[in-house]
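Heads up, the thing below is written out as structure tokens.
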Amino acid sequence: MRQSIVFLIAITVALNVTLTGCNRQARQKGPDEMTSAQAAMEADCVVHYFKSNGSAYMTRQQHRFNPEAGFFEASSMEPTGKVKCSLVRDSYNSSGQEQKSLSDLPDSFWNKNLATALFYSFCAGGEILNTGSMVAGEDVKIEGQWYKSFKPAWPTDVDVIILRSLASARVERIELTDPQDDVSWMIRCYNCRYSAGMEKSVPRTIDVYDTENGVASKKLMIRFDYKDIRKITPVRVQN
């Protein structure tokens with residue numbers, strides 16, 4: 001009888017240890033294992049990261065978007081392996097950011113601010129994001145052109161302003177300011193051309209400028225050139 005009780009206790013302890021380990025593994029799932037959103041469109045992109053010495057590092061990336069979900073994902077193969085990031089509104093994940101041989105880049109390959117800037121530049125600039133529900137601000141004049149400003153509901157931790165040109169009636173610029181990280185960017189989305197896959201005109205070029213010293217002294221940090229843009233059947237995308 002005593003042996004049976006001891007045996008049952010041993011089995012119970014072993015099961016508790018196993019279940020605890022499984023729960024711990026579930027809590028420690030990384031971004032590559034977590035389902036985040038549905039992608040509605042994807043694009044191939046050639047990206048130039050301009051280094052501090054004036055030269056550029058070029059890479060090819062694939063971008064995915066879902067305007068309604070506030071979803072953006074980017075992935076690429078770099079010299080040290082795969083780099084990937086995903087944004088779902090205020091939630092951000094990334095992997096493979098270590099690029100030791102490219103330490104003189106003006107900014108990391110990806111961060112939350114850059115992912116947010118790309119989401120709004122492409123989706124608002126391509127008129128596939130509804131700005132009608134956003135808070136409208138005052139008209140502003142930038143580099144001789146007038147824009148109507150809009151404030152989106154997110155992100156909540158940095159300041160994003162969407163600027164629609166009064167001349168073209170298109171969203172042509174995005175301002176992003178993050179005082180905590182001393183970030184002041186002006187993003188220009190332009191070169192709009194018709195995309196058969198999207199059945200509308202979308203920006204083919206997005207430039208990210210550092211405007212820390214003012215718009216007149218802006219410095220080009222990154223240029224995104226889109227080569228192929230297409231709708232895709234929404235599928236669960238792994239971060």
Side-chain angles (χ1 to χ4, degrees), residues 22-45 47 49 59 61-78 81-99 105 107-126 128-135 150-162 171 174-187 189 202-203 206 208 221-222 224 226 229 231-239:
C22 290
N23 289 336
R24 184 180 298 114
Q25 288 179 353
R27 289 194 300 270
Q28 292 177 345
K29 279 186 177 182
D32 288 336
E33 302 173 277
M34 297 167 59
T35 302
S36 62
Q38 292 181 329
M41 64 201 72
E42 66 181 6
D44 298 325
C45 189
V47 187
Y49 290 86
T59 184
Q61 298 176 354
Q62 186 174 71
H63 294 178
R64 294 187 176 91
F65 302 87
N66 185 334
E68 293 183 1
F71 172 78
F72 169 74
E73 180 186 79
S75 60
S76 64
M77 288 301 300
E78 305 302 335
K82 187 173 183 178
V83 172
K84 190 173 184 179
C85 81
S86 65
L87 176 81
V88 185
R89 297 183 183 271
D90 278 318
S91 179
Y92 176 78
N93 286 298
S94 66
S95 61
Q97 291 278 23
E98 292 295 329
Q99 301 291 329
L105 290 177
D107 206 343
S108 61
F109 267 62
W110 286 106
N111 54 44
K112 184 178 179 180
N113 285 338
L114 184 56
T116 301
L118 257 291
F119 171 84
Y120 280 115
S121 296
F122 184 86
C123 294
I128 50 180
L129 181 68
N130 180 22
T131 60
S133 61
M134 298 180 184
V135 177
F150 297 89
K151 174 71 175 174
W154 65 272
T156 57
D157 52 351
V158 299
D159 190 27
V160 172
I161 302 297
I162 295 174
V171 171
I174 306 290
E175 286 184 337
L176 188 147
T177 306
D178 184 354
Q180 185 174 350
D181 288 342
D182 294 325
V183 168
S184 179
W185 292 347
M186 173 71 71
I187 302 93
C189 40
V202 292
I206 296 176
V208 182
M221 294 171 27
I222 311 169
F224 298 87
Y226 289 98
I229 304 168
K231 289 182 179 179
I232 59 176
T233 302
V235 295
R236 301 303 289 181
V237 177
Q238 299 294 321
N239 281 348

*asked:* Does any part of the side chain of V183, heavy atoms only, come nearer than 4.5 Å to the side chain of V158, both counted from C-beta?
replied: no
*Are the side chains of Q180 and D157 in touch, meaning some heavy atoms are under 4.5 Å apart?*
no
*Using a 4.5 Å cut-off on heavy atoms from C-beta on, say whether the side chain of P203 contacts that of F224.*
no
*When rounded to the nearest 0.5 angstrom, what distance separates CD1 in I206 from OG in S121?*
5.0 Å
*Contacts of type side-chain hydrogen bond (donor to acceptor under 3.5 Å, both in side chains), residue N130, not counting sequence neighbours*: none
*For F119, check ring-ring contact (aromatic ring centres under 6.0 Å, His included) against everything at least two apart and list the hits.*
W154
*Quick one: ring-ring contact (aromatic ring centres under 6.0 Å, His included) partners of F150, sequence neighbours excluded?*
none
_Pair Y226, F122 - check ring pair (Phe, Tyr, Trp, His ring centres under 6.0 Å), show working._
CA-CA 10 Å; Y226 289 98; F122 184 86; 5.2 Å; yes
*Would you check if there is a donor-acceptor pair between the side chains of S76 and E78 at a distance under 3.5 Å?*
yes
_K112 and D178 ion-paired at < 4.0 Å_ = no
*Determine whether W185 and L114 make a side-chain contact, defined as any pair of heavy atoms from C-beta on separated by less than 4.5 Å.*
yes
*Do you know the tightest heavy-atom contact between W110 and A74?*
CZ2-CB, 3.4 Å
*Roughly how far, to the nearest 0.5 Å, is CG of N113 from CG of L118?*
11.5 Å
_Results of salt bridge (Lys or Arg N to Asp or Glu O under 4.0 Å) for D181 - residues two or more places apart only_ = none
_From CZ (F71) to CZ (R89), nearest 0.5 Å_ = 13.0 Å
*Pairwise side-chain contact, Y120 with C189, heavy-atom cut-off 4.5 Å (strictly under)*: no
*Can you list the residues that meet the side-chain hydrogen bond (donor to acceptor under 3.5 Å, both in side chains) rule with Q61, with sequence neighbours excluded?*
Y49, H63
*For I174 and V171, work out which heavy atoms get closest and say how close.*
CD1-CG1, 4.1 Å
*Nearest heavy-atom pair of L129 and P67: which atoms, and what distance?*
CD1-O, 3.8 Å
_So, taking the atom named CG in D182 and the one named OG1 in T177, what distance separates them when rounded to the nearest 0.5 Å?_
11.5 Å
*Quick one: closest heavy-atom pair of P155 and T116, and the distance?*
CD-CG2, 3.9 Å
*N66 side, atom CG; I128 side, atom CD1 - distance, nearest 0.5 Å*: 9.5 Å
*Are any of the side-chain heavy atoms of E175 and V160 separated by less than 4.5 Å?*
no
*asked:* The criterion is side-chain hydrogen bond (donor to acceptor under 3.5 Å, both in side chains); which residues satisfy it with E68, sequence neighbours excluded?
replied: none
*Would you please name every residue forming a side-chain hydrogen bond (donor to acceptor under 3.5 Å, both in side chains) with T156, sequence neighbours left out?*
D90
_Pairing residues for E42 by the salt bridge (Lys or Arg N to Asp or Glu O under 4.0 Å) criterion, not counting sequence neighbours_ = R64, R230
*Given K151 and I161, is the side chain to side chain contact (heavy atoms under 4.5 Å, CB included) satisfied, shown in steps?*
CA-CA 5 Å; K151 174 71 175 174; I161 302 297; 4.0 Å; yes
